[in-house]
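See below for the structure under consideration.
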Protein chains: 2
Amino acid sequence: MRSPELAARKRTKEPGRRAGQLSRLEIQRAALRIVDVAGLAELTVRRLAQSLHVTPMAIYRYFPNKAALEATLVDLVVSDSAVTAHDTPELRLWLLHTFARMRHALCRHPGIMPLLGTASHSSGNALAIVEQVLGRMRSHGIGSEDATRLFYRATAFTLGSVVMMDSASLAHFVKPRPVQDELRRQQRHGFAALPKTEFPQVVAASAALADCYSGKRFEQELLGVIDDTLQAAPHS
Amino acid sequence: MRSPELAARKRTKEPGRRAGQLSRLEIQRAALRIVDVAGLAELTVRRLAQSLHVTPMAIYRYFPNKAALEATLVDLVVSDSAVTAHDTPELRLWLLHTFARMRHALCRHPGIMPLLGTASHSSGNALAIVEQVLGRMRSHGIGSEDATRLFYRATAFTLGSVVMMDSASLAHFVKPRPVQDELRRQQRHGFAALPKTEFPQVVAASAALADCYSGKRFEQELLGVIDDTLQAAPHS
DNA sequence: AGTATGTGTATACGTTGTATACTACCGTGC
DNA sequence: GCACGGTAGTATACAACGTATACACATACT
């Protein structure tokens, strides 16, 4: 059964590749698109294949199984955050921008967040950023020990900040997750609506807590972490 | 078909409850047990029911669907970390212990890590800890603004540190995840085995990077973050 | 005793991931 | 030009999954 819509698959010729052929990257991008608009749970092999105008089993020419596909998605998102080579001379601002871009990239694809907790999704892209960050710090005269410490603190803070946005979400199961300020406002109301007798501190600090979901607040705190850590380290 | 093993369900009488009856908590604990020994992917309603000597559909008397069950698991783990009421007088050490216990609880159940990235799994337990931490800080004379800042930094660092352990894992798909020192050793070898020309910094710092997966290193850095943050805040 | 309420069962259905076997095409030898 | 072997995609099938629906039985209340 070669249905008409299957036959309608695009036939754009690429050099060194047969016409209209699939590729790992093409599949990954289609998968990410599905995750973005419908959530990770809606990413099925069948739906993915359909979006590529292809039979489900075609996917398995490029990935041994669904888990292997999913494992590559985090790296794909991370690579998005690394494309622009920005050259802020000052180290602390360069670090700020680098980690802020990583956070931004992850926040734009909230659906892949569960995959962060899955072992072994790293590949070249994530490692390349680690290498780049470490190299930059060393070239600014920071010692190996301090560079690792700063890398650890900044990375953990960034990832944790992103996880907090998802995991602390009091609000019910909303399917298309609200973004940025929408989330912040929602969270503030959530915190503020708690029983004041049981959670007095949380209610009192509801506005400040909800502010943690803002990008500005993240960058402010990250810069604080960077400066605090650099302060104890000798560097040029 | 009332099979013999189903009939063998335990009949321990509990007050205010019928003999051998299920409960939300009992189901959650069984689910967590499965996740611990076999991974989140192996948690199926059928297997869960079997481990409770019950029909699959019995689960649905207590949870509307599988996702709702999973959503409670993070909170269950977190509540484990809060059971012991420790009373370290010094604030910085109290905070250190509190967050270290949280990390420890999460590390003991690596299978639930993907659920951290799932929206809205919070319920009373996580919030109670937030309340407790904020209250403790306030009672030590720390202002609302600084308390929120410290809470944000410490929480993000802790969660991020835990996520890093999973996500940075270079090593292949191992099913029963290695713990603690085993993971650290494995990671060091992983980092060190990278092509030195492509990732010179990572290879050079392989030992230090792998050290980030140690509990001792985590506590050391967390204390650094706490102290750095407290330093800028006036308190008693 | 009779009835309502709630807990677990039996059965069934649509979907999922993927093993297996196939078909058609392309680039390479002649 | 043309057979041909490898590769990309297809067709079919199946076990396992989540869960809707209808039922049976035990307990608690009258």
Side-chain angles (χ1 to χ4, degrees), chain A residues 1-27 30-31 34-35 38-73 115 118 173, chain B residues 1-27 30-31 34-35 38-73 115 118 173:
Chain A
M1 188 258 302
R2 175 175 292 232
S3 71
E5 63 257 62
L6 276 191
R9 185 154 160 58
K10 70 177 192 299
R11 296 282 157 197
T12 56
K13 192 101 188 172
E14 284 183 48
R17 163 171 296 154
R18 298 218 300 246
Q21 205 179 1
L22 250 45
S23 72
R24 279 177 66 94
L25 186 58
E26 196 179 353
I27 295 174
I34 292 177
V35 171
L40 186 60
E42 293 297 316
L43 174 62
T44 67
V45 176
R46 289 173 147 89
R47 180 166 178 176
L48 175 60
Q50 194 173 19
S51 85
L52 290 163
H53 306 292
V54 144
T55 287
M57 289 311 294
I59 308 294
Y60 291 87
R61 291 276 162 194
Y62 299 86
F63 298 92
N65 50 54
K66 191 192 168 192
L69 202 206
E70 289 176 340
T72 70
L73 293 186
L115 299 176
T118 306
F173 291 133
Chain B
M1 186 259 305
R2 174 177 291 237
S3 71
E5 65 256 68
L6 276 191
R9 184 154 160 59
K10 71 176 191 299
R11 296 280 158 199
T12 55
K13 192 102 188 171
E14 285 182 48
R17 163 172 294 156
R18 297 215 303 243
Q21 204 179 1
L22 250 43
S23 72
R24 279 177 67 94
L25 186 59
E26 194 179 356
I27 295 174
I34 292 177
V35 170
L40 186 59
E42 293 298 317
L43 174 62
T44 67
V45 176
R46 289 172 145 91
R47 179 167 177 175
L48 175 59
Q50 194 174 19
S51 84
L52 290 162
H53 306 293
V54 144
T55 288
M57 290 311 294
I59 308 293
Y60 291 87
R61 291 280 164 195
Y62 298 86
F63 298 92
N65 51 53
K66 191 191 168 193
L69 201 205
E70 288 176 340
T72 69
L73 293 187
L115 299 176
T118 306
F173 291 133

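Chain letters run A, B, ... following the sequence lines, proteins first and then strands; every chain starts at 1. Predicted model only: the values in this text are computed from it and were never measured.
Nearest heavy atom pair, residue B/Thr72 against residue B/Phe63, reads CG2-CE2, 4.1 Å. Closest approach of B/Glu42 to B/Ala38, counting heavy atoms only: CG-O, 3.2 Å.
Annotation: side chain to side chain contact (heavy atoms under 4.5 Å, CB included) contacts of A/Ala30 (sequence neighbours excluded): A/Arg33, A/Leu48, A/Ser51, A/Leu52. With sequence neighbours left out, A/Arg61 forms a side chain to side chain contact (heavy atoms under 4.5 Å, CB included) with no residue at all. For B/Arg46, there are no salt bridge (Lys or Arg N to Asp or Glu O under 4.0 Å) partners two or more places apart in sequence or in a different chain.
Side-chain proximity of B/Lys66 to the nucleotides C/dG17, D/dT19, D/dT10 is greatest for D/dT19. When each of D/dG9, D/dG18, C/dG8 is scored by its nearest atom to the side-chain atoms of A/Gln21, the top-ranked nucleotide is D/dG9.
In this entry the distance linking CG of B/Leu48 with P of D/dT19 reads 12 Å, nearest Å. The CD atom of B/Glu42 sits 12 Å away from the C1' atom of D/dC17 (whole-angstrom rounding). Taking atom OH of residue B/Tyr62 and atom P of nucleotide C/dG6, one finds them 12 Å apart after rounding to whole Å. In this entry the distance linking CG of A/Leu52 with C1' of D/dA8 reads 14 Å, nearest Å. In this structure, NE2 of B/His53 is placed 12 Å from P of C/dT9, rounded to the nearest angstrom. In this structure, the CG atom of B/Leu43 is 11 Å from the P atom of D/dT19, given to the nearest Å. C/dG14 atom C1' lies 17 Å from atom CZ of A/Arg47, rounded to whole Å. Taking atom CD on A/Gln50 and atom P on D/dG9, their separation rounds to 17 Å, with Å as the unit.
At distances below 3.5 Å, not a single donor-acceptor pair connects side-chain atoms of B/Tyr62 with backbone N or O atoms of B/Ile27. The closest donor-acceptor contact from the side chain of B/Thr55 to the backbone of B/Ala58 lies at 3.5 Å or more, if one exists at all.
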What N/O pairs connect the protein and nucleotides 13-15 of chain D at under 3.5 Å? Give each pair on its own line.
none

N/O contacts under 3.5 Å, protein versus nucleotides 20-24 of chain D?
none

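In terms of phosphate contacts, B/Thr44 brings a side-chain nitrogen or oxygen within less than 4.0 Å of OP1 or OP2 of D/dC17.
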Discussion item. As a quick check of understanding, evaluate side-chain contact (heavy atoms from CB on, under 4.5 Å) for A/Leu40 and A/Glu70, giving each step before the final call.
Written reply: CA-CA 9 Å; A/Leu40 186 60; A/Glu70 289 176 340; 4.1 Å; yes
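How far CG of A/Leu73 is from CG of A/Leu43: 7.0 Å, rounded to the nearest 0.5 Å.
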